[in-house]
There are 2 protein chains.
Amino acid sequence: MDRKTAEEVPDLKSLLFDGDVGTREEILEAAFDALHEHGYSELTIDAIGDEFEKSQSLIYHHYDSKDELLIDLLGLLTEYFETRTPEILPAEPRDRIEMFVEAAVGLNDTDRTAIGTFIELRAQAVHDDRYREHFVRSDEVIQEYIADDIRDGIEAGVFQEVDADRMATWLHTVGIGTAFRSVTSDDSWIETNEEEVRDYLERRLYK
Amino acid sequence: MDRKTAEEVPDLKSLLFDGDVGTREEILEAAFDALHEHGYSELTIDAIGDEFEKSQSLIYHHYDSKDELLIDLLGLLTEYFETRTPEILPAEPRDRIEMFVEAAVGLNDTDRTAIGTFIELRAQAVHDDRYREHFVRSDEVIQEYIADDIRDGIEAGVFQEVDADRMATWLHTVGIGTAFRSVTSDDSWIETNEEEVRDYLERRLYK
DNA sequence: GCTTGTTGATTAAATATTCAGTCAACGCGG
DNA sequence: CCGCGTTGACTGAATATTTAATCAACAAGC
């Protein structure tokens with residue numbers, strides 16, 4: 001079923017919760033792990049319970065339903081991306097753009113397992129508006145980060161005078177496409193894809 | 001849950017099966033309709049049975065399991081895209097590329113509901129290699145169609161001398177990203193995205 | 001001793017799958 | 001042609017299993 005080689009999943013706990021890890025957080029992490037292991041359509045409360053040190057029934061002490069738990073997890077993940085993204089970006093506009101491209105275009109194996117989980121959650125938005133809302137917002141936020149970087153670069157004179165919003169929209173779409181394709185297909189196209197994107201940036205954005 | 005306005009689903013039956021519509025085909029269509037209505041994770045045999053004129057239990061006369069049925073449906077859909085795509089393309093290379101871009105970038109509402117179903121199936125590939133195989137192959141096929149069109153255009157002198165495989169890879173990735181994003185988010189970015197893609201083609205591909 | 005967290009067992013509903021039996025069509029020997 | 005056995009499509013109900021959710025009881029800290 002799964003083609004990943006290493007079993008280790010990025011430790012969401014340490015990423016998402018600095019310090020105070022209560023039961024609620026343990027549950028969220030268990031849900032994330034179970035989601036990663038079984039996929040959304042096979043995700044059961046039992047499976048979440050298996051990833052959870054304490055009793056499965058304790059989940060219902062903290063959440064009213066499985067649904068509510070998953071929506072909470074989704075909120076946590078999107079919020080994480082929105083707040084942490086600007087914190088880890090380098091200072092120089094060009095480095096910042098490179099980092100976005102790197103993240104989108106050059107996924108390593110560890111990232112890919114996490115991104116796969118994220119993609120599966122996103123796919124739920126096709127039929128569930130509560131999911132859709134989260135991604136509408138997170139797309140806006142991420143895209144605005146990119147647009148800001150482009151504007152900074154233009155201001156600093158290292159980028160050409162492009163339409164920042166337009167290029168940010170496009171870059172984000174390419175990122176989503178690359179991520180989706182890479183977790184649902186093989187590797188054969190990745191390098192070629194990256195070449196074209198970088199070539200595009202050289203011609204059109206960088207001075 | 002759903003933001004589509006019109007209830008009509010594209011008539012798979014008439015699209016996929018010309019003439020001889022046996023029970024097996026009716027089941028496949030029912031599965032497609034149910035998938036469209038409920039989404040993959042909420043898809044039950046009962047729901048498929050509801051879209052199916054005959055008895056629900058008859059499904060098991062034709063298929064060993066729900067799983068087998070869905071894999072069969074997937075095969076049918078990918079095969080459809082692979083064989084029909086070249087048949088409906090115009091003659092001129094530039095028109096052909098335009099049609100690909102149109103399909104990827106300018107999704108109307110009817111298309112979007114069908115694409116949503118397709119995207120949900122594709123998302124299963126994250127955890128199921130049987131799904132993955134289908135998309136690896138169909139990506140290759142579609143991408144090769146695009147590459148061929150580009151080569152034709154270069155030969156005919158209407159396109160610049162670009163690396164056809166590289167641009168085809170990139171175009172297909174953009175198509176996947178646009179499709180995925182459009183069925184899991186809102187509309188606000190669509191036009192901007194299209195502008196950038198068309199601008200890119202004008203600069204980089206068209207003479 | 002009251003609140004909060006925790007547990008294992010239990011329930012009720014949902015869901016996939018099976019089954020016993022009907023029916024219509026078909027082939028074929030008389 | 002006429003009975004008759006065979007076959008495959010089909011049905012409604014039954015079954016087996018999975019799964020979400022509940023509950024009564026226990027423990028610990030305050």
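Since we're looking at a predicted model, the values are computed, not measured. Residue numbering restarts at 1 for every chain, and letters A, B, ... go by the order of the sequence lines.
Taking the charged nitrogens against the carboxylate oxygens, B/R84 and B/E79 have no contact shorter than 4.0 Å, which rules out a salt bridge.
For the pair B/K54 NZ and D/dG8 P, the interatomic distance rounds to 16 Å; values are reported in whole Å. Note: CD (A/E68) to C1' (D/dA20) measures 14 Å, nearest angstrom. The nearest whole Å value for the distance from the CD1 atom in B/I48 to the P atom in C/dA16 is 8 Å. When rounded to the nearest whole Å, the span between CD of B/E42 and C1' of D/dA20 equals 13 Å. Between the CG atom of A/D46 and the P atom of D/dA20 there is a distance of 7 Å, given to the nearest Å. Remark: P of C/dT18 and NE2 of B/H62 are 15 Å apart, rounded to the nearest angstrom. Atom-to-atom, CG of A/D50 to P of D/dT19 comes out at 11 Å; the value is rounded to the nearest Å. Between B/D67 atom CG and C/dT17 atom C1' the separation is 13 Å, expressed in whole Å.
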**Message:** Go through it in stages, so that I can follow the logic: the residues are B/L77 and B/F32, the test is side-chain contact (heavy atoms from CB on, under 4.5 Å), and I'd like the CA-CA distance, side-chain angles, deciding distance and then a yes or no.
**Reply:** CA-CA 10 Å; B/L77 289 172; B/F32 182 81; 4.1 Å; yes
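Under the rule for a side-chain contact (heavy atoms from CB on, under 4.5 Å), B/D50 has no partner lying at least two apart in sequence or in another chain. For A/F118, the ring-ring contact (aromatic ring centres under 6.0 Å, His included) partners two or more places apart in sequence, or in a different chain, are A/F81, A/F135.
Contact check, A/H61 against C/dT6: no side-chain N or O comes under 4.0 Å of OP1 or OP2.
Base contact: B/L58 has a heavy atom under 4.0 Å from a base atom.
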**Per-nucleotide protein contact string for nucleotides 22-30 of chain D, where B marks a base within reach and S marks sugar-phosphate only (heavy atoms under 4.0 Å, - for neither)** = BB-------
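Counted by atom type alone, B/Y206 and B/E98 present one or more donor-acceptor pairs between their side chains at under 3.5 Å.
Both tests do not hold together for A/R94 against A/F159: distance to the six-membered ring centre under 6.0 Å, angle to the ring axis within 45°.
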